[in-house]
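Read through the structure below, which is laid out as structure tokens, and then see the notes.
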There are 2 protein chains.
Amino acid sequence: MTNIKEIAQFAGVSVSTVSRVLNNHPYVSPDKRESVLQAIDRLNYSRNINAIHLSKGKTNLIGIIIPFTNHPYYGAIVHGITKQANAIGCHIVIFETHYEREKEIQALNMLQMKQLDGIIVCSRISEMKVLLEYQKYGPIILCEDTAQAELSSISIDHYAAFSCALEYVIAKGYKKIGYSLGRKKSRNSFLRTKAFNDIMRNHQLINNKEWQFEGSYHIKDGEQLFQEWNSMMDKPEAIIITNDDTAAGFILTAKKSGITVPNDVAILGFNNDSLSEMLDITTISLPLEWIGKMAVDLFENPEVIKHVKLDYALIKRKSV
Amino acid sequence: MTNIKEIAQFAGVSVSTVSRVLNNHPYVSPDKRESVLQAIDRLNYSRNINAIHLSKGKTNLIGIIIPFTNHPYYGAIVHGITKQANAIGCHIVIFETHYEREKEIQALNMLQMKQLDGIIVCSRISEMKVLLEYQKYGPIILCEDTAQAELSSISIDHYAAFSCALEYVIAKGYKKIGYSLGRKKSRNSFLRTKAFNDIMRNHQLINNKEWQFEGSYHIKDGEQLFQEWNSMMDKPEAIIITNDDTAAGFILTAKKSGITVPNDVAILGFNNDSLSEMLDITTISLPLEWIGKMAVDLFENPEVIKHVKLDYALIKRKSV
DNA sequence: TCTTGCTCTGAAATGGGTTTCATACGGTAC
DNA sequence: GTACCGTATGAAACCCATTTCAGAGCAAGA
């Protein structure tokens with residue numbers, strides 16, 4: 001492999017001058033620039049980026065912590081991140097964690113060891129305390145509704161979004177209402193649960209713990225959810241499912257058993273995936289790609305810790 | 001940032017010894033090892049991985065070239081790659097190309113500049129010639145049915161898989177058969193087209209160019225495809241759609257117009273996504289995760305160029 | 001006793017850039 | 001004429017770890 005030194009020799013200049021040409025610095029005379037360029041061409045030179053990384057102390061690599069790659073919700077966020085990251089000359093490294101602590105630590109260690117310039121956390125299992133420890137090694141952006149002042153975050157107001165969904169279901173006349181979340185212990189779920197409790201109390205409706213489910217991520221989970229619902233003696237009349245895929249799974253499975261939506265049970269989804277459009281599922285539309293874009297923006301300005309909230313929208317269709 | 005030199009000083013040894021401790025080399029006396037370990041702990045040292053990359057000439061990073069991240073087909077492959085890559089201590093960098101040449105070149109350049117140890121190409125637009133030029137910089141693995149001897153590949157026998165699908169449709173008594181591909185110009189599509197032509201000829205069935213579509217990737221494309229189909233005077237009775245998502249979109253849209261499957265039109269999908277299971281779509285199951293795993297295996301053994309073929313399976317359900 | 005061989009250690013070379021600093025030169029303002 | 005500034009350039013320091021090489025010490029076998 002040819003290196004900068006050989007180029008310098010070949011071109012009859014110093015390595016500094018070669019470096020200047022390579023980085024488009026001013027103060028290089030046209031003829032020297034030309035001869036360097038020629039040397040590069042002749043010797044078929046290409047820079048060793050690891051040396052640059054070492055020297056500059058940065059890699060233009062952003063780590064993304066997500067539980068699953070293969071999922072519309074995170075897929076959309078990752079897509080947004082990728083687009084914006086590319087726009088600022090960065091690439092992304094995916095850490096698919098399946099909510100294993102160890103995997104998250106791996107990513108954080110790469111930040112510490114300077115292989116990553118920053119990390120965007122889409123969803124996590126590690127305690128906030130852990131993230132804060134690693135903050136000194138580079139910007140960590142959270143895609144969650146955090147109250148943590150020390151880390152920038154971008155999120156949807158999940159309390160408000162869930163409230164909006166619930167109020168709509170209630171306004172439609174349903175009284176026995178359940179919901180299904182991803183993981184109960186996440187920040188998002190905490191806020192959604194709180195919204196549910198508050199609003200049900202306000203309307204003096206029954207808050208039945210049996211109608212509260214979790215583990216809704218994929219289509220198949222909707223099948224499972226339907227089985228659970230179907231086997232209950234006392235069934236909720238409406239379920240808010242925080243994920244269109246699962247909602248779709250529920251509805252499609254229900255149909256096979258002759259249960260129709262919204263006649264037998266109303267379903268309200270989240271995300272506004274194209275699948276929900278196809279199946280006419282009433283849903284809350286979330287600006288997922290935009291979350292990704294904003295996360296990168298926050299990464300770019302690490303000196304200002306900000307907490308950005310994005311808007312949501314109720315998409316009225318036919319499942320409620 | 002503390003570095004290895006400071007650790008050496010603090011521990012009263014040479015940098016070589018520190019490096020030996022760090023890398024678990026033998027031939028370090030227990031007491032020196034101990035004092036190095038203590039120094040590391042005291043000074044809160046962490047290695048600069050970029051220096052290691054520079055020194056070792058590798059980064060344990062594998063690039064993945066895919067057109068879309070947000071898609072079940074590629075999602076499954078990426079998932080398989082990620083799993084196996086992690087197993088061998090590598091991480092992955094995603095290049096979402098949307099079939100833009102420039103993006104693919106970006107990835108290849110990162111291979112050249114040694115930021116990547118290798119590249120797995122899931123689908124591409126660049127000519128083979130271009131890939132071959134970059135081969136000297138590191139292993140390039142193709143997830144396609146290539147005849148190219150110089151690059152390792154992992155693929156499904158798309159000719160056979162498509163043949164299997166078509167023979168099944170024919171055996172079911174359909175005569176007017178169409179199909180829909182992703183991009184017509186891809187290697188996979190070439191083989192599928194060839195299979196179609198050969199078999200239709202064998203069975204002396206009409207090969208109507210108007211019944212051959214492309215651009216089928218997402219659910220929404222299925223909606224579009226249905227509109228096209230529906231507006232035809234002379235409609236095919238069966239369509240093989242090389243993508244379950246699009247097949248699902250077709251079927252769901254059809255249902256809204258009162259067209260039922262397979263009575264009015266038979267649909268055969270590809271991939272065996274969970275969505276196809278939900279909708280009882282007859283499909284060809286492809287071992288996508290396994291492709292990912294095998295791709296990493298091939299990456300690991302770059303000295304032997306291999307062309308691995310994986311099996312497929314016809315999943316009979318109710319849409320044909 | 002001498003040779004061989006293993007354990008242990010550090011100096012120095014290596015990987016390959018970026019950046020600072022010192023210097024030199026030509027031109028302009030006063 | 002002198003002071004000052006912008007352009008141009010190279011030497012050397014710096015980023016940080018790995019690895020080779022050479023040598024020292026010590027024990028076992030001949």
Side-chain angles (χ1 to χ4, degrees), chain A residues 1-37 39-40 43-61 89 109-117 137-138, chain B residues 1-37 39-40 43-61 89 109-117 137-138:
Chain A
M1 281 289 89
T2 60
N3 58 26
I4 202 176
K5 217 166 157 183
E6 294 177 40
I7 298 297
Q9 249 164 26
F10 192 93
V13 299
S14 71
V15 291
S16 328
T17 300
V18 177
S19 178
R20 287 193 188 97
V21 173
L22 252 20
N23 293 288
N24 270 315
H25 282 307
Y27 303 157
V28 177
S29 66
D31 53 331
K32 298 225 170 186
R33 167 166 274 122
E34 188 47 41
S35 65
V36 168
L37 255 21
I40 288 173
L43 302 182
N44 193 23
Y45 167 74
S46 69
R47 287 199 264 189
N48 183 325
I49 211 159
N50 292 131
I52 299 177
H53 290 336
L54 171 60
S55 194
K56 294 211 172 169
K58 53 176 255 181
T59 58
N60 297 323
L61 244 36
N109 280 336
M110 281 175 69
L111 179 66
Q112 178 176 9
M113 300 200 298
K114 291 164 173 291
Q115 186 160 15
L116 302 174
D117 288 352
Y137 302 116
Chain B
M1 280 287 88
T2 61
N3 58 26
I4 202 177
K5 217 166 160 183
E6 294 177 41
I7 298 296
Q9 248 164 26
F10 190 93
V13 299
S14 72
V15 292
S16 328
T17 302
V18 177
S19 178
R20 285 191 190 100
V21 173
L22 252 20
N23 293 288
N24 270 316
H25 283 307
Y27 303 156
V28 178
S29 66
D31 53 331
K32 298 225 171 188
R33 166 166 273 122
E34 188 48 39
S35 64
V36 168
L37 255 22
I40 287 173
L43 301 183
N44 192 25
Y45 167 74
S46 69
R47 288 199 263 188
N48 183 324
I49 211 161
N50 292 131
I52 299 177
H53 290 336
L54 171 59
S55 194
K56 294 209 170 170
K58 54 177 251 180
T59 57
N60 297 321
L61 244 35
N109 280 335
M110 282 176 67
L111 178 66
Q112 179 176 9
M113 300 200 297
K114 290 167 175 288
Q115 186 160 15
L116 301 174
D117 288 352
Y137 302 116

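Every chain is numbered from 1 and lettered A, B, ... according to where its sequence line falls, protein lines coming before strand lines.
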**Message:** Heavy atoms only, 4.0 Å cut-off, all strands: where does B:Asn23 land among base, sugar-phosphate and nothing?
**Reply:**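 It contacts sugar-phosphate atoms only.
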**Message:** Can you work out whether B:Ser14 or A:Val18 has the more 5'-proximal nearest nucleotide on DNA chain C?
**Reply:** B:Ser14
**Item:** Pairwise 5' ranking along DNA chain C for B:Lys114 and B:Pro26, keeping only the more 5' one
**Value:**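 Its nearest nucleotide lies further toward 5', so the answer is B:Pro26.
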Among [options], which nucleotide has an atom closest to any side-chain atom of [X]?
X	options	result
B:Leu54	D:dA17, C:dG15, C:dG17	C:dG15
B:Arg20	D:dT18, C:dG10, C:dG17	C:dG10
B:Ser16	C:dG17, C:dA12, C:dT18	C:dA12
B:Ser29	D:dC16, D:dT18, C:dT9	C:dT9
B:Lys56	D:dT19, D:dA17, C:dT18	D:dT19
B:Asn48	D:dT9, C:dT18, D:dC16	D:dC16
A:Thr17	C:dA12, D:dG10, C:dT18	D:dG10
B:Val13	C:dG10, D:dT18, C:dT9	C:dG10

**Item:** Phosphate-side-chain proximity, B:Lys5 and D:dC15, N/O vs OP1/OP2 below 4.0 Å
**Value:** no
Separation of atom [atom1] in [X] from atom [atom2] in [N], rounded to whole Å:
X	N	atom1	atom2	value
B:Glu34	C:dT9	CD	C1'	18 Å
B:Ile49	D:dC16	CD1	C1'	12 Å
A:Asn3	C:dT18	CG	C1'	14 Å

**Asked** Short question: side chain of B:Asn50, backbone of A:Asn50 - any donor-acceptor pair under 3.5 Å?
**Response** no
**Message:** Checking the side chain of A:Thr59 only, and the main-chain atoms of A:His53 only, is there a donor and an acceptor separated by less than 3.5 Å?
**Reply:**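 No, A:Thr59 side chain to A:His53 backbone: no donor-acceptor pair under 3.5 Å.
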